[in-house]
Each structure stands twice: as structure tokens, then as C-alpha cells.
Q: 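Below you will find the structure I want to go over with you.
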Protein chains: 2
Amino acid sequence: MAREAGRGASHRAAPVHARLDDVTVQEALAALADPVRLTLVRELASSDDWTRSCGSFDVPVGKPALSHHFAALRAAGLVEQRDEGARRVNRLRREEFDARFPGLLALVLRGD
Amino acid sequence: MAREAGRGASHRAAPVHARLDDVTVQEALAALADPVRLTLVRELASSDDWTRSCGSFDVPVGKPALSHHFAALRAAGLVEQRDEGARRVNRLRREEFDARFPGLLALVLRGD
DNA sequence: GGGACTGTATGGTTTCCATCGAACACTCTG
DNA sequence: CAGAGTGTTCGATGGAAACCATACAGTCCC
């Protein structure tokens, strides 16, 4: 069987990402109104793109809950995910999200 | 008994308002992430200050729920209330809230 | 292939919050 | 004072969401 060379294609279902135009203000606010998700976004904002896997965040929840939170962040257009081997690495969709909801990201990243 | 002239003093417990500095971003977001409260804020934004009583809003909830929503908006520093006779009239705390959370109000008032 | 690792799916529990009905408090008017 | 109008409080209920333990699906390394 031919196998992709180098960074091989994943045989897992690729993560589904939201179109920013389909995200409502209310959904964006609801996504950010959760303490765990807020921590994830902030921690992600202080890291380089594609450097943080899902399990590398310091939040007091188990793996299933964490997975659910990332799905919520994806649905809100806040994060993009890519499979890299066994792990799934993340990126904050700064510019796209800021274009859709100007200033909102800056607001939650300014530490209170 | 001496009675206040004109707009008399209320014998009701005055509404308690939040200090904007005590409101966290997360609380502000949670307050705005509700569809009913979002409607209240938007409708209030398109009205002059102190012209809208609590019961004058077009939301599909009963009086008790409405009362709780206004309490939530007060706690988030979004509205100020004043008793005027039998009615309780409202005002959107535009500038104070915008000073605390720049751009957030503008964001939710821009119709999607 | 065997095992460690990473993330997702499933099922069930708990917690939180929006809501309502009913009752109460206050204001104005007749 | 009686009654209508406005808003809050109380108690209870229903549903949504967050959470966990377990089980499962890929991926990597030996």
C-alpha cells in the first residue's frame, strides 16, 4: 500500500471548523463565558500557533470534558485544529475572529 | 406626615447597582449571552434614558423571569434602575460599561 | 505485533439556570 | 378604602450543559 511520506495524512476524521459568518454574537459570547474555555483561549493566545496539543493545557477537567470544550471553541470559530500524528494541535483564529467580532478577543485577553 | 413633593421618595428598597470595577469579563459575557437579556439591552439602547419601564419590553417571558433578568443586568453593570411611582424605569449604562469593557457594547448593538 | 499515548464517543449523574404560578409589597387612582 | 397596575419574592419544575468513568479509535515507538 502506498503511504504518504513525511507528515502523513491522518486516517482520522478531520476536525470540522465553523464559518465565521455563521457564528452569532450570542454564540461567541456563550463560548467565552465559560471559565475553562476562557482559560484555554488565554493560554492559547500566549503560545505560538500549532505548538499546543489539546492535552497540554492546565485546566481542572478530565479528557472527555476537555474534548467537548474544544469542540465548542471550534464551533464558535475561536480555534482551528490539525492532526499531527497522534496529537491534535491548536491555533487561535485571531484575525478571522477579530474581523468578525472586532475587539472581543482583545477584551478577553486583556487580563481583567 | 410630611411627604416629599414632586417626584417623591420611594418607600421601596432601592435597587442595588454594581460597581463596574467588581464586574469580571466573564460575568459581563455571561450576562450578554442570554437571548432575553440581549434583547433587553438592545431595545434599551434604542430608547432614551429613563423612558422604559421593566414591563414595557417585548420579550416572551413572564414577570418573575423578567425581574430576574433585570437583576442580572444590574449585577453586570449594564443597567441602572430608578423607581418612579409604581414603575421602575431603566437606563443603559453606556459610558461606564464601555469604559470598563471597551467595544463590547458596540459589538452586541451592531445587529449581527 | 504489543504497548504507551492522545483524543473522541457513549452513557449516566449532577449542577446550574431559566421559567412559571402564586403570593406579597408598593403606588396611583377612583 | 377598594381596585387596578407594576414589580419582587418564594417554591418548585424542566431542560440544558458540564462532568466523569469507561470504552473505543488512531498514531507512534520498541
Side-chain angles (χ1 to χ4, degrees), chain A residues 1 3-17 26-27 29-40 44 50-76 79-90, chain B residues 1 3-17 26-27 29-40 44 50-76 79-90:
Chain A
M1 294 287 242
R3 180 88 75 71
E4 295 283 351
R7 41 185 57 203
S10 170
H11 292 172
R12 274 190 288 179
V16 177
H17 295 102
Q26 193 177 316
E27 288 167 336
L29 296 176
L32 291 169
D34 179 89
V36 173
R37 288 192 290 265
L38 197 50
T39 300
L40 293 178
L44 200 50
W50 310 122
T51 62
R52 303 293 301 269
S53 67
C54 293
S56 71
F57 293 85
D58 187 25
V59 285
V61 295
K63 287 193 299 179
L66 193 56
S67 185
H68 174 68
H69 282 305
F70 271 108
L73 290 177
R74 267 195 336 252
V79 307
E80 185 181 353
Q81 299 187 308
R82 170 200 300 175
D83 285 338
E84 214 164 77
R87 50 173 86 99
R88 182 161 283 191
V89 288
N90 299 275
Chain B
M1 293 289 240
R3 182 88 75 73
E4 294 285 350
R7 40 186 58 202
S10 169
H11 291 172
R12 275 190 287 179
V16 177
H17 295 102
Q26 193 175 316
E27 288 167 335
L29 295 177
L32 291 169
D34 180 89
V36 173
R37 288 193 290 265
L38 198 50
T39 300
L40 293 178
L44 200 49
W50 310 121
T51 61
R52 305 292 301 269
S53 68
C54 293
S56 71
F57 293 85
D58 187 25
V59 285
V61 296
K63 287 193 297 180
L66 194 56
S67 186
H68 274 146
H69 282 304
F70 271 108
L73 291 178
R74 269 198 330 256
V79 307
E80 185 180 353
Q81 299 187 307
R82 168 201 300 175
D83 285 338
E84 215 165 75
R87 291 204 294 281
R88 181 161 283 192
V89 288
N90 299 275

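What you are looking at is a predicted structure, and each value in this text was computed from that prediction instead of being measured. By convention in this document, chain letters (A, B, ...) are assigned in the order of the sequence lines, proteins followed by strands, and residues within each chain are numbered from 1.
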Q: In residues 63-71 of chain B, what donor-acceptor pairs under 3.5 Å come from side-chain atoms, sequence neighbours left out?
A:
residue	atom	partner	partner atom	Å
B:His69	ND1	B:Arg37	NH1	3.2

Q: Could you check how far CD of B:Glu84 sits from P of C:dT27, rounded to whole Å?
A: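 Taking atom P of C:dT27 as the reference, CD of B:Glu84 is at 14 Å.
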Q: Atom CZ of A:Arg82 to atom C1' of C:dT6: distance rounded to whole Å?
A: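 From A:Arg82 CZ to C:dT6 C1': 17 Å.
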Q: Encode nucleotides 6-25 of chain D as B, S and - characters from 5' to 3', where the letter depends on protein heavy atoms closer than 4.0 Å: B to the base, S only to sugar-phosphate, - to neither.
A: BBBB--------SSBBB---
Q: For B:Pro35 versus A:Gln26, what's the shortest heavy-atom pair and its separation?
A: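 Looking at all heavy atoms of both residues, the shortest contact is CD-NE2, 3.4 Å.
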Q: To the nearest Å, give me how far apart CG (A:Leu73) and P (C:dT8) are.
A: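 A:Leu73 atom CG is separated from C:dT8 atom P by 12 Å.
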Q: Please round to 10 degrees the angle between the axis of the first five pairs and the axis of the last five pairs in the helix from C:dG1-D:dC30 to C:dG30-D:dC1.
A: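 End-to-end axis angle for the helix from C:dG1-D:dC30 to C:dG30-D:dC1: 20°, rounded to 10°.
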Q: Going from OG1 on A:Thr51 to CG on A:Leu44, what distance comes out if it is rounded to the nearest 0.5 angstrom?
A: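 The CG atom of A:Leu44 is 7.5 Å from OG1 of A:Thr51, to the nearest 0.5 Å.
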Q: Once side-chain contact (heavy atoms from CB on, under 4.5 Å) is applied, do any residues pair with B:Ala30, and if so which ones, sequence neighbours excluded?
A: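 Only A:Ala33 meet the side-chain contact (heavy atoms from CB on, under 4.5 Å) criterion with B:Ala30.
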Q: Residues two or more places apart in sequence or in another chain: which of them pass side-chain contact (heavy atoms from CB on, under 4.5 Å) with B:Pro15?
A: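 Here the qualifying residues are B:His17, B:Arg74, B:Gln81, B:Asp83, B:Arg88.
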Q: Got a second to check how far A:Leu73's CG is from A:Leu38's CG, nearest 0.5 Å?
A: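 One finds 9.5 Å between CG of A:Leu73 and CG of A:Leu38.
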Q: In whole Å, what is the span from the CD atom of B:Gln26 to the C1' atom of C:dC16?
A: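 My rounded result for the distance is 14 Å.
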Q: May I have the list of side-chain donor-acceptor pairs in residues 54-61 of chain B shorter than 3.5 Å, sequence neighbours left out?
A:
residue	atom	partner	partner atom	Å
B:Ser56	OG	B:Arg52	NE	3.1
B:Ser56	OG	B:Ser53	N	3.4
B:Ser56	OG	B:Ser53	O	2.7

Q: Measuring from atom CG of A:Asp34 to atom CG of A:Leu40, what distance do you get when rounded to the nearest 0.5 angstrom?
A: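 One gets 8.5 Å once the value is rounded to the nearest 0.5 Å.
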